[in-house]
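What follows is a set of notes on a single structure, which appears directly below.
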Protein chains: 2
Amino acid sequence: MKTRALAGAFALTSLLCSGQAPGDGQPASSNIMGAEYPRVQADNRATFQLKAPDAQKVQVQVPGARYDMTKGQDGVWSVTTAPLVPGFHYYSLIVDGVAVNDPGSHTFYGTGKDSSGIEVPEKGVDYYSYKEVPHGDVRIRHYLSKTTGKWRRCFVYTPPDYDTNAKVRYPVLYLQHGMGEDETGWIFQGRANLILDNLIAARKAVPMIIVTDNGYASRPGQVTAPSGGAPGRGANPATAAFEEVITRDLIPMIDSTFRTIADREHRAMAGLSMGGNQTCQVTMRNLDKFAYIGAFSGTMNGLSTDPLDPTTAFNGMFEDGAALNKKIKLFWIGMGTQEPNPFPGAIGAFRAMLDKAGAHYVYFESPGTAHEWLTWRRDLNDFAPRLFR
Amino acid sequence: MKTRALAGAFALTSLLCSGQAPGDGQPASSNIMGAEYPRVQADNRATFQLKAPDAQKVQVQVPGARYDMTKGQDGVWSVTTAPLVPGFHYYSLIVDGVAVNDPGSHTFYGTGKDSSGIEVPEKGVDYYSYKEVPHGDVRIRHYLSKTTGKWRRCFVYTPPDYDTNAKVRYPVLYLQHGMGEDETGWIFQGRANLILDNLIAARKAVPMIIVTDNGYASRPGQVTAPSGGAPGRGANPATAAFEEVITRDLIPMIDSTFRTIADREHRAMAGLSMGGNQTCQVTMRNLDKFAYIGAFSGTMNGLSTDPLDPTTAFNGMFEDGAALNKKIKLFWIGMGTQEPNPFPGAIGAFRAMLDKAGAHYVYFESPGTAHEWLTWRRDLNDFAPRLFR
């Protein structure tokens, strides 16, 4: 061999922070191939590392806590955190004041960017794990939206045997992400496909199609950037066209492309946080199209904790609880017990309004989890079995 | 509304570097939603920005050049590069010596990590653009490999009308990425699905299924990390089990799951760089399974530029050119005119060996491009129309 000079595109960088032997624990399953860090210890403490010999200060920001990292003689900074809550968490490394990704982690679109994320194992729990059961496909599908005038992307989960049961038609769940996330969230962070694979294999849920779309949608000429304002207050132009997109573009495209049962009794919508708010708005204004509603850590009142009078709130849309009970087959509300303000107050106010109106709903609490993906995985695992029965 | 306190998961960070009016040009199409930077100017210069008030030095590394960025009074660093070659390029920002992602860019798995990337428009060229033509789906599919003992992921492109032409069977192209990349590369960087959508719509290529898998595969107990060594020299344990995975696990799974034509005359394999090397190795050792071969910027000799004697090289596998010409329907080799060493020498040595043996092949050069994705998009656009005729 005359030369071993490696071209730029060949060079592998940052695969390992240093040559030292890895510490205790296991590399996180959310790491890129071969990355030894971050590592998760048996007690759910996480160890982070970054090689940054010239940096003045390096920190790691995990949910609810920021840790200073310590520089070793080899220029590798490291720290081990307190035990983390199981499930998926976004995190950042902070190098001289700049929040950056960890090169050892895969990225996940959330917090308004492709962010590092760490999966902390949940002992004895496997409903969102890869198991030897039949697996559905997740299809990346593009469609041209008449509403926005742009190509959009959705992900479509087709259940196991969709391809072989060529005459069977399926109900559809439209499943939405939160603020600063997109159509990828429910697959890569939420593992919705694995949750359904496992539920279907255990005959706990009926086979269904799941569609995840991007909750941001604006008409030509409108602002397209997600804003940091309150979710779904109607005035946010970044999401203003979403109802039109889902009802006029997405649902007709899905129903004409896939073997769906295209009626309200076989169509559900659910979403988390901002997506829960959007779900309430879209479904309640389109009860001819949806019979099942899931509000995960987000309800129609957004971030407001103000008391709601069913006779006046939302133009009296919830006033006649008895009529809603006849029309809506399932109204499902869930949240984590550790959610920060304003979620407990906001969701509480919304539930109190439903109670006053005599509108039925299922309420679910995820013990020990906050405004995070483990709450929403548990939500889906409770919600999906109740659909289309 | 009693409170507007936003929980951590709600906060949108880094969407815009600053409040200042965006400069000339357009946000790159590879940016996250709403990010104004990086921007591409009309003459293909690119402007990068990063808010880093406390950093001492910020640079941007684009292919072949590193630029110092200049700090403005608002703590925002910026620079405009010389014109970039059109197509897709990996890049990094370098903050106080640490290569990090640009929060304004989506990430793309390459260079051994989820890396920032910038798409520079190619004027007057639309074969890899979204157009109003029928689009196929890209399916994310998981399978349990008997060889590795682990779940693996492949992407499967099914052509337009695959679902509606329920009795039609299709040929299959197995298409592999390069070193430090994975099964996502040919879709998100290479746009293989769009290239095929457009070729099929123009009746330039026959409808086909494309499968992209992960070229890294090791048996239980072997090293799993990609190494920085020469690609495919046989001694690399990170890729040692790939031939077994594709022939014993992947192809049978694809043929039993999708409506393929499961014979060698309807099965092709191609790959770029390390994937081109793997393609040569897998196809030449399994000519009962493949009749079409594509080597994009990578051939059987890897990075070696040593002359090759067909009577001795690779155990004489290429010695009988006439026999190979009968057996192989297409041997296609391509590279960019600006590829760095050792690629011109290595690919030249391989071609010279085929010439000596009288083995036929098609040779294609991409003008003005190096070891990069625009070379490989052009390769696929020339290669795919020649398949399965």
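Per chain, numbering begins at 1; letters A, B, ... match sequence-line order.
Within the 4.5 angstrom heavy-atom criterion, atoms from both the backbone and the side chain of A52(A) approach chain B. If you measure heavy-atom distances from F155(A) to chain B, the contacts under 4.5 Å come from the side chain alone. For S105(B), the part sitting under 4.5 Å from any heavy atom of chain A is the backbone (N, CA, C, O) and nothing else. Only the side chain of F258(A) has a heavy atom closer than 4.5 Å to any heavy atom of chain B. For V98(A), the part sitting under 4.5 Å from any heavy atom of chain B is the side chain, from C-beta outward, and nothing else. Interface remark: E132(A) contributes backbone and side-chain atoms alike to the contact with chain B (heavy atom separation under 4.5 Å).
In terms of heavy-atom pairs under 4.5 Å with chain B, the best-connected choice from T158(A), D54(A), T107(A), L93(A) is T107(A). Between chain B and the options D182(A), V95(A), D163(A), heavy-atom pairs under 4.5 Å are most frequent for D163(A). Interface summary for chain A: among I140(B), V100(B), V58(B), the most heavy-atom pairs under 4.5 angstrom belong to I140(B).
With sequence neighbours left out, H89(A) forms a ring-ring contact (aromatic ring centres under 6.0 Å, His included) with no residue at all.
Using a 4.5 Å heavy-atom cutoff, the side chains of Y109(B) and H106(A) are in contact. Side chains of R153(A) and Y143(A) form no contact here, defined as non-hydrogen atoms less than 4.5 Å apart.
The pair R141(B)-D137(A) counts as a salt bridge, with a side-chain nitrogen and a carboxylate oxygen less than 4.0 angstrom apart.
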